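In what follows, a structure is listed as structure tokens, so that the remarks can point back to it.
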Amino acid sequence: MTDSLPTRGQLERTLAQRIQTFYRSQLGHRLGGVDCQISNRKITIVMEKAVTQPEQLLANSGKDELAEQVHSDLSEAIQPQLRALIEEITGVPVEDLLSDTTLETERTGMIVVLADAPQVRNSVTNGLAIRT
């Protein structure tokens with residue numbers, strides 16, 4: 001039964017891949033990369049090149065405030081779907097999703113707080129069980 005559970009690493013990779021696919025399908029934007037780390041009830045997500053082309057154009061035209069507002073509005077609009085995606089993958093309700101973006105580095109960081117730690121199986125490396 002526990003063999004059907006993913007390892008923490010598998011869950012992190014699945015989250016990263018599905019978030020990239022989600023951004024591509026919903027915003028038509030290809031992220032530069034997604035890194036997910038699960039620690040008990042918390043997930044940290046860092047997205048590279050998370051600023052869309054229209055947002056970049058606004059920022060490069062000296063309209064940083066408008067670019068930030070557009071990004072904020074887009075993030076707010078997709079947040080329910082993103083929460084549902086995370087809940088589907090982890091099997092745990094999302095209690096809170098905190099997000100911020102820096103236009104200069106084009107990175108978005110998220111902290112997801114889950115209702116409980118997702119169930120994962122232990123990895124075995126060189127005969128040693130590694131708790132995930």
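Just so we're clear, the structure is a prediction, and the values are computed from it rather than from any experiment.
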| What distance separates Ser39 OG from Ile111 CD1, expressed to the nearest 0.5 Å? | 11.5 Å

| query | Are Leu74 and Leu103 joined in one hydrophobic group, where the rule is that I, L, V, M, F, W and Y side chains link up if heavy atoms are under 4.5 Å apart? | reply | no

| field | Rounded distance (nearest 0.5 Å) linking atom CZ of Arg24 with atom CD1 of Ile19 | value | 12.5 Å

| query | How far apart are the closest heavy atoms of Ala67 and Ala59, and which atoms are they? | reply | CB-N, 3.9 Å

| query | Shortest non-hydrogen contact from Met47 to Val34? | reply | CG-CG2, 4.0 Å

| Nearest 0.5 Å, what's the CD-CG distance between Glu95 and Leu114? | 8.0 Å

| message | Would the distance check show the side chain of Thr7 and the main-chain N or O of Gln10 forming a donor-acceptor pair, the cut-off being under 3.5 Å? | response | yes

| query | Roughly how far, to the nearest 0.5 Å, is the CD atom of Gln56 from the NZ atom of Lys49? | reply | 9.0 Å

| task | Could you check Gln37 against Glu12 for side-chain contact (heavy atoms from CB on, under 4.5 Å), going step by step and ending with a plain yes or no? | result | CA-CA 6 Å; Gln37 298 291 315; Glu12 291 168 344; 4.0 Å; yes

| What is the minimum heavy-atom distance between Met110 and Leu97, and which atoms define it? | SD-CD2, 4.0 Å

| query | Could you go step by step and tell me if Ile45 and Leu15 meet the side-chain contact (heavy atoms from CB on, under 4.5 Å) rule? | reply | CA-CA 9 Å; Ile45 302 167; Leu15 272 168; 5.8 Å; no

| query | Where the side chain of Arg121 meets the backbone of Leu5, is there a donor-acceptor pair that is under 3.5 Å apart? | reply | yes

| message | Taking the side chain as everything from C-beta on, heavy atoms only, tell me whether Ile38 gets closer than 4.5 Å to Pro118. | response | yes

| said: Is there a path of hydrophobic side-chain contacts, each under 4.5 Å between heavy atoms, that joins Ile89 and Phe22? | reply: yes

| message | Please find the pair of heavy atoms, one from Thr101 and one from His71, that lie closest to each other, and give the distance. | response | OG1-NE2, 2.8 Å

| Under a 4.5 Å side-chain heavy-atom rule over Ile, Leu, Val, Met, Phe, Trp and Tyr, are Leu31 and Val51 clustered together? | no

| query | Looking at Arg18 and Leu85, what are the two nearest heavy atoms and their distance? | reply | NH2-CD1, 3.2 Å

| message | Is there a continuous path of hydrophobic side-chain contacts, each under 4.5 Å between heavy atoms, that joins Leu58 to Leu27? | response | yes

| note | In short, Ser99 meets Thr108 closest at the heavy-atom pair OG-CG2, 3.6 Å

| field | Test item: Thr90 side-chain N/O and Val92 main-chain N/O as donor-acceptor pair under 3.5 Å | value | yes

| query | Can you get from Tyr23 to Val94 by hopping between Ile, Leu, Val, Met, Phe, Trp and Tyr side chains that sit under 4.5 Å apart? | reply | yes

| field | Interatomic distance, Glu87 atom CD to Leu82 atom CG [nearest 0.5 angstrom] | value | 10.5 Å

| said: Measuring from atom OG of Ser75 to atom CD of Glu68, what distance do you get when rounded to the nearest 0.5 angstrom? | reply: 11.5 Å

